[in-house]
Protein chains: 2
Amino acid sequence: MEVDDLPVTAPESVEAFLARLTQISQGLPRRLRQCADHIAANVDRIAVSTVAELATGADVPPSALMRFCQIMGYSGFSEMQKMFREAYAPGFPDYATRLKNLKQAGSGTASALLAEFVDAGRISLESLVKSTDEAALTTAVELLAQADTLHVVGLRRAFPIASYLAYVFEKMAVPAMLHDSVGKLDHRHALRAGDAVLAITFAPYSEETIALAAEAHGRGLSVVALTDRLTSPLARSADAVLTVPEVDFGAFRSLSATLALALTLAVAVGARRDETA
Amino acid sequence: MEVDDLPVTAPESVEAFLARLTQISQGLPRRLRQCADHIAANVDRIAVSTVAELATGADVPPSALMRFCQIMGYSGFSEMQKMFREAYAPGFPDYATRLKNLKQAGSGTASALLAEFVDAGRISLESLVKSTDEAALTTAVELLAQADTLHVVGLRRAFPIASYLAYVFEKMAVPAMLHDSVGKLDHRHALRAGDAVLAITFAPYSEETIALAAEAHGRGLSVVALTDRLTSPLARSADAVLTVPEVDFGAFRSLSATLALALTLAVAVGARRDETA
DNA sequence: GGCGTTTTGGAACATTTATTCCAAAAATCC
DNA sequence: GGATTTTTGGAATAAATGTTCCAAAACGCC
């Protein structure tokens, strides 16, 4: 069989790959057919396998598999694998590019800026949907629903979230207290047995929030953390950690995803409390 | 840092991995912390990345990443990657599929709620771009950029927006004052000639906000309104009216679009002030 | 500010993995 | 059944990737 039977361009998507696979699969000699079959049955493992592994699985020598890749239109296995690795790529973590876009837009009109922020928000929301830890979310709802008074704490950039949560809890008649640092007052003595803390902070993490969470944790209260990464210092003292993959531009974080998650939490807690009341 | 701080057994599941990650992540030196953060934020890419790629992403040399793997309890990167490759479930489905799955999780569950809020947010963002009055936005930026001190007022559900604006203005060194009603104090005497008011309110409109806007307007200050409809009572005393078509889900609005518009306004004003300074 | 300790970067090295090539085997055709 | 073409396997080679190690820098502690 000639490698260049057709004017070949390498498939650039999983769909195109599959299409070409079915197109060529009849009329293939024995060993190559074995490759095709095994690959077809294990498309989702291509990204994480080596030539040797796939070849063994297909019960052919590595060289046969190489030939197969070439027949598919790629220069070799590496090129083919690259396509699969990129195809499963998550939507956004192209941090650098986005930042550049925003900077360029910053010098433009307000409308251009708006478009950027809207886009950042949309991407954050999509990525939130893809990455939410459902188990952690359920645990968090459960913990907060069982508690007496909820203590919501979040300062600086997290304060808008905290204040919205306080507002929503109030609307739903869930006893909640918003901890701010007005007058540098410290409200930690307000924590009582049976209460729970909902702490929100993002890098650079604010001391006060972490301290309050730690205090509560030390005293045996439930602590739910809403933060940006699992490695956040908040994770230390939390019984449930919810992370939000927000696209972050220094001070200019869109907060869309964070708000959506916070709101979900609040409403779910409210509903859960009604059920069990 | 010693590699064998603890009697280490290499995590054999993604959960165990994440648990250990949070356990060790504080008290890590700078480079290793960078590794931890980047890894935590890209867990789903470990299976399909090389040491070099991950190291570049974390902005550390490859050797630092190797050390990180060892601290996590593995003999090296290969062993760690092996675990992820075995656990590899072919990437999350795309956004649309995942969203559908979440919704089907059953109404009432937190996941289903999340899907709804995300959806509401996305729709709001989309319609924001379509419906924004560019002229009004430009005027608003102009007015706020020329003013001395900015007075940001927004209560109840608008308060999160107002507080975030105050935060962003502060970060950009734009003189701004957040009007809350702590202690029922009224700050209207803080308004001085040359200042401008940025008032935010949604139905049901809050008296205080409208009153402050009216007062400012009466005294000849510029007033920018961020509200839900052109017929809002705020419109009467405003020199520029920005409206946000936010979609509600249940009784609560996601605020995504409102935040995006607010952020745009703030950043545009900050940039404009720098230019003309 | 010197001294021991920890952390870091990168070059050298080792290992794994991909790829090529060609002679042997099988298939096809006359 | 022999000549010609296609297919195959594996050994040899090339490329890439992972890993170690050590000197230099940074840090923390008297």
Side-chain angles (χ1 to χ4, degrees), chain A residues 1-6 8 10-11 17 24-39 42 45-86 231, chain B residues 1-6 8 10-11 17 24-39 42 45-86 88:
Chain A
M1 158 149 316
E2 291 293 317
V3 169
D4 43 15
D5 265 354
L6 298 166
V8 186
F17 178 90
I24 62 166
S25 62
Q26 36 351 300
L28 237 39
R30 188 163 130 267
R31 291 277 113 117
L32 290 178
R33 166 156 271 279
Q34 281 173 252
C35 291
D37 288 349
H38 184 253
I39 290 284
N42 296 279
R45 301 230 46 99
I46 299 176
V48 294
S49 302
T50 65
V51 174
E53 284 164 3
L54 289 172
T56 309
D59 197 30
V60 299
S63 48
L65 212 133
M66 289 304 300
R67 269 192 294 273
F68 172 79
C69 296
Q70 282 160 346
I71 287 173
M72 287 295 290
Y74 302 95
S75 68
F77 177 74
S78 298
E79 192 177 300
M80 184 173 107
Q81 187 176 52
K82 191 171 163 221
M83 193 226 89
F84 281 92
R85 289 188 169 175
E86 279 164 10
T231 52
Chain B
M1 157 146 321
E2 290 292 316
V3 169
D4 43 14
D5 266 354
L6 300 166
V8 187
F17 178 90
I24 63 164
S25 62
Q26 40 350 290
L28 237 42
R30 189 164 129 264
R31 291 276 112 116
L32 290 176
R33 164 154 271 280
Q34 281 173 251
C35 292
D37 286 349
H38 184 251
I39 290 283
N42 296 280
R45 302 250 75 207
I46 299 175
V48 293
S49 300
T50 64
V51 173
E53 284 165 2
L54 288 172
T56 309
D59 198 29
V60 300
S63 48
L65 212 132
M66 289 305 299
R67 249 172 263 133
F68 172 79
C69 297
Q70 281 159 229
I71 287 174
M72 287 294 291
Y74 302 95
S75 68
F77 177 75
S78 298
E79 190 177 305
M80 182 173 109
Q81 187 176 54
K82 193 172 163 218
M83 192 222 89
F84 282 94
R85 288 195 167 172
E86 277 159 11
Y88 184 80

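Naming: A, B, ... by sequence-line order, numbering from 1 per chain. Note: hydrogens, waters and symmetry copies are ignored here, and every other heavy atom, side chains too, is used.
Rounded to whole Å, the distance from CG on B:L28 to C1' on C:dT6 is 13 Å. B:M72 places its CE atom 15 Å from the P atom of D:dT19, with the value rounded to the nearest Å.
In terms of modelled atom types and a separation under 3.5 Å, the side chain of B:R45 and the main chain of B:L54 share no donor-acceptor contact. In this structure, B:Y74 contributes its side chain and B:F68 its backbone to no donor-acceptor pair below 3.5 Å.
Annotation: the span from A:I39 atom CD1 to A:S49 atom OG amounts to 8.0 Å, rounded to 0.5 Å. Atom CD of A:Q34 and atom CG of A:L28 lie 11.0 Å apart (nearest 0.5 Å).
Between A:A47 and A:Q81, the shortest heavy-atom contact is O-NE2, 3.4 Å.
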Point to revise | Contact letters for nucleotides 8-30 of chain C, in which S counts primed atoms plus P, OP1 and OP2 and B counts the base, heavy atoms under 4.0 Å | key: BBB------SSBB----------
